[in-house]
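I have placed the structure first, in the form of structure tokens, so that the comments after it can refer back to it.
Because the structure is a prediction, the values reported are computed rather than measured. Numbering of ligands and ligand atoms starts at 1, following listing order.
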Amino acid sequence: MPHCEFSPLDPSSYSRPDEALVTNIVLSLNVDFNKRAFNGSVKLDITKVNPKAKEIILDVKDLNIVDVTDYFENQKLKYEISDPFADFGSKMTVELPENNKTSYTLLINYSTSPNASGLQWLKPEQTLGKKHPFVFSQFQSIHARSFLPCQDTPGVKTRYTAEVVAPSDLTVLMSALRNGATSLSNNKIQFNFVQNVPVPAYLIAIAIGALKSKQIGPRSHVWAEEDILDAAAYEFEDTEANLKTAEDICGPYVWSIYDLLVLPPSFPYGGMENPCLTFVTPTVIAGDKSLVSVLSHEITHSWSGNLVTNRNFEHFWLNEGFTVFIERKIIGRLLGKQEQDFDAQSGTAELKEEVNHLGANSPYTSLIIDLKGKDPDDAYSKVPYEKGQTFLRYLEFVVGGPEKFEPFLRDYFNTYKYKSIDTDIFKNHFMTYFSSNPEILKVDWQTWLHSPGMPPIIPEYDMTLVEACNDFVKKFLGWNGKTEDAPFTETEFNKYSTLQMIHILQEIMDSTPQSIEKLKATEKILKFADKRNTEIKCRWLRICLKAHWEEKIEDALNFVNEYGRMKYVRPVYRELYAWEASRQRAIDNFVKHQEFYMTVAVNGLRKDLHLQ
Ligand SMILES: *[C@@H]1O[C@H](CO)[C@@H](O)[C@H](O)[C@H]1NC(C)=O
Ligand SMILES: *[C@@H]1O[C@H](CO)[C@@H](O)[C@H](O)[C@H]1NC(C)=O
Ligand SMILES: *[C@@H]1O[C@H](CO)[C@@H](O)[C@H](O)[C@H]1NC(C)=O
Ligand SMILES: *[C@@H]1O[C@H](CO)[C@@H](O)[C@H](O)[C@H]1NC(C)=O
Ligand SMILES: [Zn+2]
């Protein structure tokens, strides 16, 4: 089995940083939109960790390697690339020169392939402005290897610099500090970048398009296509308040700048915490800041994930559980404890839905998972986020509350900053820090970390906001569906916050299917057809599909053709697949439109539609 060759440190990488380690990355690339490729070179500084090491192992996926040289000796080096295996790409083995040096600089000339799984190439008509092409990256979990030869494991962190040449009417952005741009001949422009904080390969990021920026804080700009720049600047105007609150909880912000980039609608995630430049879906621009918890989330990753990183993706909960837990602390500080706990309960409702979908015995519902031979993208779910945050809320309660736990958090970030760690390291740090507190002996680590299903304990949350929702849900479910008997009015519903409306719909969606008559009456009374908020739209469509309301199939297909965010399109496609009347139409629609989605979404949707 080829996967036996994977690193004992990381089942998702071929690299062996315990033998020879990449310590710095220098990229020099040209972008070619016609060929849909980057072309150029990367310089890798290498250090032998084992003095006897004779080779360095890199991860590559669909890359065309031109040659490899010892940069200072100007000597060509032999290398070998294995056959690709599953979604992992290939193992690239470079023979190190036979001398007594312990460090080297390799120069690798290469180009990417048009099907690079970490890049999405958009034609001008797929952008808002419709005049210029666009390319963006999404390298988490294991797609950096489709952009550059690297040790594509979060256990390896390096600084990087880059120079990227693009057509002069476009802007290049990366997950780094912008370091000037120079106009070249032939209508080209070179952009320079430097990332001085060590980052794992999955946090290298790039986007190129017709982008404009607007300053939204002392250390922040928002970048977007011109048509949505003002809306984005409004939606994210609380960025500095979020950053300051996060620093108050976690410690100093080390990345100098915090910018946001609004991607085209096909971006597969809500946000991606690329350092210095969070990538964010346009679906969070709701017009009323109702969905900007994504902002608190991505800002928090500046500590959990980007500063202290999971050693491999089996411990992904260290990145995401901590982030959700702290994101809600930020919401608590800015909006109040009720909002913080309401968010946690909405998260629990979504976790329940996820556990039901995966199956309560699914190994992917454990906090620590086994990824041997498994693509981390297949294991991706809400579990590390919500079960992880629940565990941390529980630990906080056990040690005596935030006054006790938050100093520990700062100590944890300060101790492991710039490093990659696993759950044992966290656990030992926790046990040592709180060693004089007898309460910690109550914690059943084995069950929390290794048992599948819902969390063993759900902490007591403030119920005020959720109870108000439950009142509505109860009335709704008990209603016979006749318009004249409707137990609520539009005015009454509109008193709820957007997040409460979303929670109400989540609860209705998770109960038994409603009658079409009731849904038709509801849509009229509450004017759901006018709602633009994608969280509301997505849930409403799913409620209608579960009820087998035929006219809604068309709306659902239009919805999945408009957005590439997996959180929306995967469940909607699953609903369409589950119902015989819409199954074939869903498959035909997907086959026709799949170029719109990024590889990670295509792979997921193929599973949802049973196309493999
Ligand atoms: C890479 O760029 C060089 C210089 O522009 C060009 O000669 C070469 O053909 C390109 N290679 C690929 C694979 O695109
Ligand atoms: C490496 O060092 C050893 C011991 O110092 C020496 O015998 C050997 O000749 C050196 N080899 C090379 C290639 O320089
Ligand atoms: C390899 O890359 C270097 C640095 O970018 C460049 O100077 C050199 O011409 C390239 N060699 C080939 C064969 O493309
Ligand atoms: C991607 O393109 C390369 C050639 O550049 C090819 O070898 C590989 O099979 C392609 N991969 C997929 C998944 O289509
Ligand atoms: Zn996250």
Practice task
Please confirm whether R565 makes a cation-pi placement over Y563, using NZ or CZ under 6.0 Å from the six-membered ring centre and within 45° of the ring normal.
Solution key: no
Exercise for the section: Would you verify whether the NZ or CZ of R393 falls within 45 degrees of the ring axis of Y461 while also being under 6.0 Å from that six-membered ring's centre? Expected result: no
Handout entry: Check: W223 ring centroid to F236 ring centroid under 6.0 Å
Key = no
Handout entry: Geometric class of the W121/F38 ring pair [parallel <30°, tilted 30-60°, perpendicular >60°]
Key = tilted
Problem - S146 (side chain) donor-acceptor with G118 (main chain) under 3.5 angstrom - result: yes
Distances only, to 0.1 Å: what are the N or O pairs between ligand 3 and the protein that fall under 3.5 Å?
residue	atom	partner	partner atom	Å
ligand 3	2 (O)	N109	OD1	3.4
ligand 3	2 (O)	N109	ND2	2.4
ligand 3	5 (O)	S41	OG	2.9
ligand 3	11 (N)	N109	ND2	2.7
ligand 3	14 (O)	N109	ND2	3.1

Practice task
Could you tell me whether K61 and D152 make a salt bridge, using a distance below 4.0 angstrom between a side-chain N and a carboxylate O?
Solution key: no
Practice task
For the pair Q345 (side chain) and D341 (backbone), establish whether a donor and an acceptor sit closer than 3.5 Å, ignoring hydrogens and angles.
Solution key: yes
Practice task
Using side-chain contact (heavy atoms from CB on, under 4.5 Å) as the criterion, point out the one residue from I56, I25, I108 that pairs with P149.
Solution key: I108
Exercise for the section: Using a cut-off of 2.8 Å, find all protein N, O or S atoms closer to the Zn ion (ligand 5) than that distance. Expected result: H297 NE2, H301 NE2, E320 OE1, E320 OE2
Practice task
Could you tell me how the ring of F391 sits relative to the ring of W448: parallel (under 30°), tilted (30 to 60°) or perpendicular (over 60°)?
Solution key: parallel
